[in-house]
Amino acid sequence: MKRSETHERGETSLSRAELIERMVAILGAGGVVSERAQLRTYECDGLASHRVIPSLVLLPENVEQIEAVVRLCHQERIPFVARGSGTGLSGGALPVEDGMLIVTARMNRIVEVDIPNQRVVVEPGVTNLSVTTEVAPEGYYYAPDPSSQLVCSIGGNVAENSGGAHCLKYGFTTNHVTGLEVVLPDGGRVHLGGKTADPPGYDLMGAFVGSEGTLGIATLVTLRILRQPETVQTMLAAFSSPDEAGGAVSGIIAAGIIPAAVEMMDTLAIQAAEATVKAGYPLGAGAILIVELDGPAAEVEHQFREVEGICRSNGASELRIALDADERTRIWKGRKAAFAAMGRISPAYYVQDGVIPRTALPVVLRKISALATDHGLRVANVFHAGDGNLHPLVLYDDAAKGEAERAETVATEILRICIAQGGSITGEHGVGTDKKDDMPKMFTVDDLDTMQRLRCAFDPNGVCNPGKIFPTPRLCGEVPGPHRPHPLQTAGLAEIF
Amino acid sequence: MTRLAELRAIVGNDHARTAVAGDTLDGVRPRFVATPGSVGEVSELLRLAGSSRWSVAPAGSGTKRGWGNPPTSLDLVLNTRRLDRMIEHSEGDLVVSAEAGMTLDSLQTHLEGAGQMLALDPEDTDSTLGGLIAANASGPRRFRYGTVRDLLIGITIVLADGTVAKSGGKVVKNVAGYDLGKLFTGSLGTLGVIVGATFRLHPRPATSRLVKTDVGDAEAVGAALRRILRSSLVPSAINLLADKDTIGQIGILFEGIEPGAEAQAKTAAGLLQGDRDPSVFRGEAAMERWRDLAESSPEDAPVTLKVTCLPAELPDVLKRVNEAAKRCRMTTRVRGQIGNGVLLVGLSVDETSQVVEMVTDLRNFAHEGSVVVLEAPVEVKRRIDTWGSVGDALPLMRKVKEQFDPAGVLNPGRFVGRI
C-alpha cells in the first residue's frame with residue numbers, strides 16, 4: 001500500500017456544497033471559484049504536462065482570509081496548494097484533487113517602501129518586476145530577475161527561490177529576502193526574520209525560501225533592494241563552438257572577474273531566437289556569450305577590456321559591445337525570448353534545468369550532443385554559463401510516434417549526466433511534481449528523511465502542497481523520546497525507509 | 001566496560017578523556033571529552049550518548065564557547081577538531097568542500113595559493129568551519145559578501161540519533177530539496193553536529209583603500225552612513241569605532257582592482273568631506289589601519305553585546321547606548337558594522353546587576369533589531385536570556401528542535417527560549 005493512501009487527508013466530513021458555503025462566508029462569492037470550466041483555468045502551472053483540477057479555487061484578498069481558509073483546511077484535513085502567477089516550470093503549484101487552490105494574485109499591494117534602509121515590504125501577489133519599477137525612480141532595483149519577471153509573483157519567487165540571469169553575482173531570492181510573514185499549515189501566523197541583520201533563533205526564513213510551498217503560505221515579504229550600479233556594460237561574443245565559449249567563461253572567472261551575468265546560447269538556440277526577435281545574433285556562430293559587467297565605472301571599464309581580450313584569445317570571431325541601453329536590451333531580447341522561440345524551429349520541446357560545475361561545461365555539452373544524436377533528436381542549449389546552470393531544450397515532434405517519450409528519456413538522461421558531474425537536478429525551476437522521483441538520485445534516504453523532519457515541524461498532517469519535492473512523504477507521528485515504530489509501520493501498512 | 005572505555009572503543013585511547021576543570025562550560029562541568037576522527041565516529045558517539053541519556057555539547061576551537069545560555073546539563077563534549085581534512089577545492093568553480101573541524105585560517109591559507117578566499121572575516125580566524133556555521137559568525141566584509149547563509153552551499157550533519165545527512169551540494173546554483181544549511185546556520189549545535197561544509201569562494205581582491213574619518217557625534221555617524229549608502233559606491237565594509245562617548249572613527253574599505261578602488265576611495269572621501277578631512281590609505285597601509293579599526297578586540301570589556309538595528313535608526317541607538325551606559329554607571333566601547341546595522345558593544349563592568357540593567361534597558365528601547373549578550377559572566381546569564389525575545393516564531397522553533405533532536409541531547413538550554 002502506498003503511504004499517501006494511508007494518510008487521513010482529504011477525509012473531510014463536509015460536502016462540497018457545505019465547503020463552498022463556508023468558503024464563501026470567508027471570501028465572499030467573488031472569492032470562490034467552483035465552476036468546472038473556470039476551475040480548468042487553474043489545472044496546471046507552467047508545466048503543462050501535469051494537470052489536476054482542484055476542488056475549489058480561492059482568491060483571498062488579505063491575510064485574515066488566508067488564515068481563516070487554512071484553519072478550515074486544517075480542521076477538515078483538506079489539502080491545499082498556494083499559487084502565485086502560475087509561471088513555475090516544475091508543477092510546484094499543481095493543484096491536488098479534492099484540494100483547495102489558494103491563489104494570491106489579489107494580494108498585490110506594495111505595503112512599504114523604505115529607501116533609507118533599502119527594504120520593500122510586499123504582499124505575495126506583487127509581481128517581481130513591479131518591485132523594481134516602484135523603486136527605480138529612487139535609483140534602486142530588486143536583483144533577482146527570472147525570465148518571467150513581468151508576470152511571476154514574489155510569493156512564487158519565495159517558494160521557488162527563483163534565480164535569473166544575474167544571480168551569478170547577486171545571488172538568488174534567498175539572498176534578497178530578509179523577513180516573512182507566514183500562515184502556517186495549521187492556520188497560525190508567524191513572523192520569520194525581519195528587517196534587521198541576524199535575528200536570533202533558527203533561520204526558519206532561510207529554510208522557508210525555496211521550500212516550494214510545502215511549509216506554509218508567505219503573506220508578507222520583506223525584500224532587500226540594491227542601489228543601481230554606476231555602470232552596466234554588456235557584450236555579445238560569437239565563437240565557433242561551445243567549447244571555445246566555455247574556455248572564455250573559465251578564463252573570465254580565472255582572471256578574478258565576477259560578471260553580473262554570463263549567458264551562453266548554441267547554434268540552434270541562436271537560430272530560434274533570431275527567427276523570432278531579430279536580436280542581430282550572428283547566425284553562423286557555434287555559440288554566443290552574453291557577458292555583462294556592472295559596478296563602479298573605473299572598475300567595470302578596466303575589467304570589460306580584460307573580458308574582451310579573454311574572449312578574443314579564446315577564438316571570439318565577433319564582439320559586439322552595447323553602447324547604450326537600447327542596444328543592451330536588444331542583446332538581452334534574444335536570450336530572454338529563447339525558450340518561447342523554440343516553437344519556430346520545433347513543434348514541441350522539453351525544457352530541462354540542471355546544474356553542473358562550470359568547469360565541466362565542455363564535457364557535458366559533448367555528452368548531451370551525443371545523447372541527442374543517439375536518440376535521433378536535436379537539443380538546443382541556452383544557459384547561465386557563469387554558474388553552470390544548463391537549460392537544454394529537447395526538441396521533438398509530438399505528432400511523430402514515440403518522439404515525446406524519447407525526448408523525455410533524453411531529458412532524464414541529461415539530469416543523470418549533471419548528477420554524475422557533481423551537479424544538481426535543478427538550479428532554479430524547482431523539484432515540484434516534475435522531479436520528485438529524481439530526488440533519490442541526488443540524495444540518500446537519510447538526506448530526504450532529514451529534510452522532511454523540517455516539513456513535519458511545519459506541517460505534521462501533510463496538507464500543505466502535498467505530493468511535491470519528496471518521492472515519499474515521511475510520517476510525522478514520531479513523538480519525542482526514544483524511537484518507536486509508527487503504528488502504521490507496526491500494522492504493516494507502511495514500510496520504513 | 002566503563003563509560004570512558006566505551007568512548008575509547010569508538011574514537012581510540014588517545015581521543016577520549018575524562019573532563020577537567022578547564023572543560024567547564026558556563027559553570028557546568030562535563031564528564032568526558034571525545035574527539036572523533038571520522039563522520040562514522042561522530043555518529044557512533046551520538047548513538048552512545050543517546051542510549052546513555054547524555055547531554056552533548058558539540059565543540060570546535062572553542063572561540064564561541066561563551067555564547068548562549070548556560071547548558072541545563074552536559075555530559076560529553078564532542079570536539080570536531082580532528083575532522084580537519086580538505087575534501088575538494090575546485091578552483092575553476094570557485095567552490096571548496098572541507099570537513100567541519102578545519103580552521104578558517106588553514107582554509108584561507110590553502111585558498112590563498114589559488115588567489116581565492118572564503119569571504120568571511122570573523123574576529124576569531126582560528127574558529128573551525130563548523131563553529132563558524134553554528135555560531136553564524138561574520139565580520140565587517142559582510143557588507144559586500146554577505147554572511148555564512150549567503151556563502152554556504154552544502155552541509156553534512158550528524159543528527160542526535162546518529163543519522164548522517166546532507167543538503168545542498170557543490171554547485172552554487174541549486175534548489176533541490178530543503179536548504180538545511182540555512183537551518184543549521186546560527187543553530188548553536190542544537191540541531192545536529194556539523195561535520196562537513198561546502199562554500200562558494202571569491203577571488204582575492206588585488207588591492208584595497210581605506211577611507212577614514214573622525215566623527216563628532218551620533219548624528220554625524222548617521223549622516224556619513226546615509227551619504228555612503230545612498231551613493232553607488234560598493235564598499236567591502238563600513239565600520240565604526242567609538243570609545244566611551246560617541247566620538248569615534250568611521251572607516252570605509254574598498255577592495256578590488258587598482259583603478260576601481262582608487263576612484264571609489266576618492267568619491268567616498270569627497271562624500272565624507274566635512275569639518276574634518278577624511279584620510280585615504282592605500283594597499284598595506286590601508287590594511288594596517290583597517291585592522292586597528294575593525295579588529296581591535298575590546299579586551300578590556302568583560303561583557304560584549306551585539307545590538308542590531310536598521311541603518312536609519314543608528315544615531316538613536318548609539319545615543320541610547322550612551323545614555324543607558326551612563327544610567328548603569330559604566331562606559332562602552334562600540335565597534336560597528338554600521339552599513340549592516342550591527343554594533344558590538346563592549347561593557348566596562350561585569351557586575352551582574354549593572355549588566356542586567358543595561359541589557360534590559362537596551363531591550364526596552366523600541367527599535368527593530370535585537371540585543372544579544374555574546375560574552376558575559378555566567379552569573380549574568382543565569383539572570384537573563386542571552387538571546388532575548390525571538391517573537392511569535394518560538395513555538396515553531398521548538399517544534400523544529402523536537403523533530404531534529406526529540407530527546408534534547410544537544411546543547412540543552414543554550415539556545416533561544418532555552419531550547
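A note on names: the letters A, B, ... follow the listed sequences, proteins ahead of strands, and every chain is numbered from 1.
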Shorter than 4.5 Å, heavy atoms on both sides: which option in E160(A), E428(A), E212(A) has the most such pairs with chain B?
E428(A)

Could you tell me which portion of V400(B) (side chain, backbone, both or neither) has an atom closer than 4.5 angstrom to a non-hydrogen atom of chain A?
both

Counting only non-hydrogen atoms closer than 4.5 Å, does F443(A) touch chain B with its backbone (N, CA, C, O), its side chain (CB onward), both, or neither?
both

Can you tell which of K170(B), K166(B), E91(B) has the highest number of heavy-atom pairs within less than 4.5 Å of chain A?
K166(B)

Heavy-atom neighbours of K266(B) NZ exceed 12 at 6.0 Å
no

Check whether L454(A) gets within reach of chain B through its side chain, its backbone, both or neither, counting any heavy atom under 4.5 Å.
both

Applying side-chain hydrogen bond (donor to acceptor under 3.5 Å, both in side chains), name anything that partners R47(B), two or more places apart in sequence or on another chain.
S43(B)

Can you tell which part of A254(A) gets under 4.5 Å to a heavy atom of chain B, answering side chain, backbone, both or neither?
neither

Do D198(A) and R149(B) meet the salt-bridge criterion of a basic N to acidic O distance under 4.0 Å?
no

Which atoms of D150(B) are under 4.5 Å from chain A, going by heavy atoms: the side chain, the backbone, both sets, or neither?
both

Checking F404(B) against chain A: side chain, backbone, both or neither under 4.5 Å from a heavy atom?
both

Could you look at L184(A) and say if it's the side chain, the backbone, both or neither that has a heavy atom under 4.5 Å from chain B?
side chain

Name the member of V209(A), T444(A), T214(A), L192(A) that forms the most heavy-atom pairs with chain B at distances under 4.5 Å.
T214(A)

Region of V172(B) that comes under 4.5 Å of a non-hydrogen atom in chain A
both

Which atoms of H384(A) come close to chain B, meaning under 4.5 Å heavy atom to heavy atom: side chain ones, backbone ones, both, or neither?
side chain

For E230(A) and V234(B), run side chain to side chain contact (heavy atoms under 4.5 Å, CB included): C-alpha distance rounded to whole Å, both residues' side-chain angles, the deciding distance at 0.1 Å, then the answer.
CA-CA 10 Å; E230(A) 190 181 0; V234(B) 188; over 6 Å; no

Using non-hydrogen atoms only, which part of R230(B) is less than 4.5 Å away from chain A: side chain, backbone, both, or neither?
both

Ion pair present between D392(B) and R189(A), side-chain N to carboxylate O less than 4.0 angstrom?
no

Would F184(B) and Y202(A) satisfy ring pair (Phe, Tyr, Trp, His ring centres under 6.0 Å), going step by step from the backbone distance to the final call?
CA-CA 7 Å; F184(B) 273 71; Y202(A) 298 129; 8.5 Å; no

Residue list, salt bridge (Lys or Arg N to Asp or Glu O under 4.0 Å) with D161(B), at least two apart or on another chain
R453(A)

Distance check, rounded to the nearest 0.5 Å: T450(A) atom OG1 versus L159(B) atom CG?
4.5 Å

Closest contact, heavy atoms only, V171(B) versus S424(A):
CG2-CB, 4.0 Å

Region of I157(B) that comes under 4.5 Å of a non-hydrogen atom in chain A:
side chain

Search all heavy atoms of V164(B) against all heavy atoms of D446(A) and return the closest pair with its distance.
O-CB, 3.6 Å

Shortest non-hydrogen separation from T196(A) to G369(B) and the atoms involved
OG1-CA, 3.5 Å

Tell me, do M451(A) and L180(B) make a side-chain contact under 4.5 Å, heavy atoms counted?
yes

Between R200(B) and chain A, which part of the residue has a heavy atom less than 4.5 Å away: side chain, backbone, both or neither?
side chain

Tell me, for A263(B) versus chain A, whether the close heavy atoms (under 4.5 Å) come from the side chain, the backbone, both or neither.
side chain

Would F254(B) and E299(A) count as a side chain to side chain contact (heavy atoms under 4.5 Å, CB included) if you check the C-alpha gap in whole Å, the side-chain angles of each, and the deciding distance to 0.1 Å?
CA-CA 12 Å; F254(B) 294 98; E299(A) 183 176 294; over 6 Å; no

Tell me, side chain or backbone of L448(A) under 4.5 Å from chain B's heavy atoms, or both, or neither?
neither

If every non-hydrogen atom of M397(B) is compared with every non-hydrogen atom of P200(A), which pair is closest and at what distance?
CE-O, 4.3 Å

Of the backbone (N, CA, C, O) and the side chain (C-beta and beyond), which part of L310(B) lies under 4.5 Å from a heavy atom of chain A, both, or neither?
both

Tell me whether R227(A) contacts the main-chain N or O of L229(B) through its side chain, where contact means a donor paired with an acceptor under 3.5 Å.
no

Indicate, with yes or no, if the rings of F458(A) and Y178(B) have centres closer together than 6.0 Å.
no

Tell me, with the steps shown, if N174(B) and M442(A) meet side chain to side chain contact (heavy atoms under 4.5 Å, CB included).
CA-CA 12 Å; N174(B) 177 11; M442(A) 194 170 155; 3.7 Å; yes

Given that the side chain runs from C-beta out, which part of Q228(A) has a heavy atom under 4.5 Å from chain B: side chain, backbone, both or neither?
backbone

Per-residue contact mode, L233(B) against chain A (heavy atom under 4.5 angstrom):
neither

Turns out that what part of M439(A) lies under 4.5 Å from chain B's heavy atoms comes down to side chain

Which residue out of T147(B), V342(B), L191(B) racks up the most heavy-atom pairs below 4.5 Å with chain A?
L191(B)

At a 4.5 Å cut-off on heavy atoms, which part of E368(B) comes close to chain A: side chain, backbone, both, or neither?
both

Do T359(A) and D93(B) have side-chain N/O donor and acceptor atoms under 3.5 Å apart?
yes

Heavy-atom distances under 4.5 Å only: say whether T174(A) touches chain B with side chain, backbone, both or neither.
both

Does D203(A) use its side chain to pair, donor to acceptor, with the backbone of L183(B) at less than 3.5 Å?
no

Best-contacting candidate, P116(A), P229(A), G201(A), G139(A), against chain B by heavy atom pairs under 4.5 angstrom
G201(A)

Who among K173(B), K182(B), E262(B) has the most heavy-atom pairs with chain A under 4.5 Å?
K173(B)

Would you mind telling me which of S138(B), G50(B), C309(B), G192(B) has the largest number of heavy-atom pairs within less than 4.5 Å of chain A?
C309(B)

Okay, T156(B) and chain A: the region with an atom under 4.5 Å from a heavy atom over there is neither

In terms of heavy-atom contacts, A298(A) and P259(B) come closest through CB-O, 3.6 Å

Under the side chain to side chain contact (heavy atoms under 4.5 Å, CB included) rule, what do L204(A) and L396(B) come out as? Steps first, then yes or no, please.
CA-CA 9 Å; L204(A) 298 184; L396(B) 186 58; 3.7 Å; yes

With a 4.5 angstrom heavy-atom cut-off, is it the side chain or the backbone of Q118(A) that approaches chain B, or both, or neither?
side chain

Under a 4.5 Å cutoff for heavy-atom pairs, which residue among T231(A), V190(A), I425(A), D447(A) has the most contacts with chain B?
D447(A)

Proximal component of V416(B), with respect to chain A [non-hydrogen, under 4.5 Å]
side chain

If you compare all heavy atoms of G177(B) against all heavy atoms of V431(A), which two are closest, and at what distance to 0.1 Å?
N-CG2, 4.1 Å

Looking only at heavy atoms and a cut-off of under 4.5 Å, which of T185(B), N136(B), V390(B), I257(B) has the most pairs with chain A?
I257(B)

I need the residue from G256(A), G427(A), S162(A), G430(A) with the largest number of non-hydrogen atom pairs under 4.5 Å to chain B.
G427(A)

